[in-house]
**Q** 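Before anything else, here's the structure in question.
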Amino acid sequence: MKILLIEDDLQICEVTRKYFTSKGAEITIINNGSDAVSITKNELEGYSIVLLDIMLPGADGFTICRNIRHFSDIPIIFITARGHEEDILHGYDLGCDDYIVKPFLLSALFAKCSAMVKRNEGSSDSVISCGAIKIDTRKLTCYVDNEEIELTPKEFSILSYLMEHQGWIVNRDTLLDKVWGDDFFGIDRVVDNTIKRIRKKLGNAGGQIHTVIGRGYKLTET
């Protein structure tokens with residue numbers, strides 16, 4: 001597992017580096033937001049996951065996350081002292097995969113990273129269709145009427161789960177567990193916000209995702 005840590009707190013960098021390398025991981029550290037925001041697709045090649053602080057000199061973590069999402073679906077975990085609900089929701093809106101508020105346990109962070117990387121690398125090689133929507137779970141691509149739609153990793157994961165269970169009613173707790181993992185302790189509103197964004201990106205096909213009041217969501221062919 002190769003990790004990119006973007007963090008300006010030198011003490012956090014050092015203890016994280018020591019712990020992760022003791023577990024066999026390779027870790028690269030960037031301390032300045034300006035350096036991180038200029039990362040290119042080629043420079044990110046080979047990394048398994050990005051750990052990203054928000055309050056950084058030069059450019060904040062939200063800007064860096066937005067930039068990375070322009071060219072990569074690599075898993076991103078925010079690790080930050082900013083624990084307000086609006087910050088957490090904004091992080092997920094930008095496409096982060098998890099949001100951890102400091103202080104945190106290094107063992108828990110490593111476990112999250114390992115599980116996330118395993119899930120990301122374990123995508124199946126299959127194409128699933130439902131109505132106007134088609135996804136490729138290996139290439140992580142989505143099409144509506146043969147036009148590619150850009151989705152964040154979490155958006156794709158939710159749509160993929162609904163596609164795999166089309167016609168079923170899937171509740172919020174199931175989506176939180178299957179997409180964010182059973183160690184997620186965030187806000188369940190993140191599911192509703194993510195579904196809203198998916199519908200908007202899918203255009204008319206977004207109507208295939210139905211809200212079943214009091215029960216959850218259901219994907220159908222129409």
**Q** Taking all non-hydrogen atoms of both residues into account, name the closest pair between Asp8 and Asn31 and its distance.
**A** CB-O, 3.3 Å
**Q** Answer with yes or no whether the side chains of Thr63 and Asp60 bring together a donor and an acceptor at under 3.5 Å.
**A**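 Yes, side-chain donor-acceptor contact under 3.5 Å.
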**Q** Determine, stepwise, if the pair Asp9 / Lys102 fulfils salt bridge (charged side-chain N to carboxylate O under 4.0 Å, His left out).
**A** CA-CA 12 Å; Asp9 187 315; Lys102 299 174 183 176; 5.5 Å; no
**Q** Minimum heavy-atom separation for Val101 to Ala81, with atom names?
**A**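 Heavy atoms only, the tightest pair is CG1-O, 4.3 Å.
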**Q** What residues form a salt bridge (Lys or Arg N to Asp or Glu O under 4.0 Å) with Asp93, not counting sequence neighbours?
**A** Arg197
**Q** For the residue pair Asp136 and Phe156, what are the closest heavy atoms and their distance?
**A**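 Residues Asp136 and Phe156, closest heavy atoms: O-CZ, 3.5 Å.
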**Q** Checking Thr220 side chain against Thr222 main chain: does a donor-acceptor pair fall under 3.5 Å?
**A** yes
**Q** More than 12 heavy atoms of other residues, nucleotides or ligands under 6.0 Å from CD of Glu86: yes or no?
**A**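 Yes.
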**Q** Please step through salt bridge (charged side-chain N to carboxylate O under 4.0 Å, His left out) for the pair Arg189 and Glu85, ending with a clear verdict.
**A** CA-CA 10 Å; Arg189 275 182 51 200; Glu85 179 179 345; 2.4 Å; yes
**Q** Once salt bridge (Lys or Arg N to Asp or Glu O under 4.0 Å) is applied, do any residues pair with Asp87, and if so which ones, sequence neighbours excluded?
**A** Arg82
**Q** Can you say whether the rings of His90 and Phe62 are parallel (under 30°), tilted (30 to 60°) or perpendicular (over 60°)?
**A**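 His90 vs Phe62 ring planes: perpendicular.
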**Q** Suppose we screen for salt bridge (Lys or Arg N to Asp or Glu O under 4.0 Å). Which residues come up paired with Glu14, at least two apart in sequence or across chains?
**A**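 Only Arg17, Lys18 meet the salt bridge (Lys or Arg N to Asp or Glu O under 4.0 Å) criterion with Glu14.
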**Q** Using every non-hydrogen atom in the two residues, find where His165 and Tyr161 come nearest and quote the distance to one decimal.
**A** ND1-O, 2.9 Å
**Q** Does the structure place the NZ or CZ of Lys41 under 6.0 Å from the centre of the six-membered ring of Phe71, at an angle of no more than 45° from the ring's axis?
**A**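 No, Lys41 does not sit over the ring of Phe71.
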**Q** Quick check against the 3.5 Å criterion: does Glu155 have a side-chain atom that pairs as donor or acceptor with the backbone of Ile198?
**A**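 The answer is no, because no donor-acceptor pair under 3.5 Å joins these two groups.
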**Q** In plain terms, say whether Asp97 and Arg69 are close enough for a salt bridge, that is, a side-chain N and a carboxylate O under 4.0 Å apart.
**A** yes
